[in-house]
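All remarks here apply to the structure that follows.
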Amino acid sequence: MLFCRHGAGTTSRTAVSRKSAPSSDGGDDVSQAFDKECIFCNEKNELFNQEGLDVHYWKECPMLRKCQHCRQVVEIANLTSHLLTECDRKSDFGKCNRCSEAIPSTELESHTLAKACNAVIGR
């Protein structure tokens, strides 16, 4: 499963992977324990196996959402960056110089003129 992940100024598409070395008893305890927790919202659930986590990511995780424009699942904290740099429809968006949000290109001029957005402090 691919998710849009950003970190320290970099952007990449990363497959969520839950691989680990087997435990000494032949089981995969670390992986099984990790599989029971969402890496995005830290929810723990005994039903979280590979399939259960995939359903959680796509439908339930409060930290993820499906981009309305390309249908990729992205972290909410990185949605603006996704819309401006990775989305299949990134050409439909521009960055507001005042609030730094991704605004549909057709609305960017009126958004800027309205001065209704919140300025980012320190920029």
Measure from the side-chain N and O atoms of [X] to the backbone N and O of [Y], and report whether any donor-acceptor pair falls under 3.5 Å.
X	Y	value
Lys36	Glu46	yes
Ser105	Phe93	yes
Lys90	Thr85	yes

Of all heavy-atom pairs between Arg98 and Thr112, which one has the smallest distance, and what is that distance?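 Closest pair (atom of Arg98, atom of Thr112, distance): NH2-O, 3.2 Å.
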
If you take all heavy atoms of Ile103 and Cys96, which pair is closest and at what distance?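 Looking at all heavy atoms of both residues, the closest pair is CG1-CB, 4.1 Å.
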
Is Leu108 reachable from Leu84 through a run of I, L, V, M, F, W or Y residues, each pair having side-chain heavy atoms under 4.5 Å apart?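 Different hydrophobic clusters.
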
Report whether Trp58 and Phe40 are members of the same hydrophobic cluster (ILVMFWY, side-chain heavy atoms less than 4.5 Å apart, transitive linking).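 Yes: a chain of side-chain contacts under 4.5 Å links Trp58 to Phe40.
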
Between [atom1] on residue [X] and [atom2] on residue [Y], distance to nearest 0.5 Å:
X	Y	atom1	atom2	value
Ser100	Asn118	OG	CG	11.5 Å
Met63	Ile39	CE	CD1	11.5 Å
Asn78	Leu64	CG	CG	10.0 Å
Leu53	Glu60	CG	CD	10.0 Å
Cys61	Glu75	SG	CD	8.5 Å
His82	Cys67	NE2	SG	3.5 Å

Within a 6.0 Å radius of atom CD on Glu109, are there more than 12 heavy atoms belonging to other residues, nucleotides or ligands?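 For Glu109, atom CD is not crowded (no more than 12 foreign heavy atoms under 6.0 Å).
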
Does CG belonging to Asp92 count more than 12 external heavy atoms closer than 6.0 Å?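 Yes, the 6.0 Å shell around CG holds more than 12 heavy atoms from other groups.
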
Quick one: do Cys117 and His111 satisfy side-chain contact (heavy atoms from CB on, under 4.5 Å)? Show the steps, please. CA-CA 8 Å; Cys117 61; His111 172 86; 3.4 Å; yes

Aromatic plane relationship, His56 with Phe48 - under 30° parallel, 30 to 60° tilted, over 60° perpendicular: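 Rings of Phe48 and His56: tilted, 30 to 60°.
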
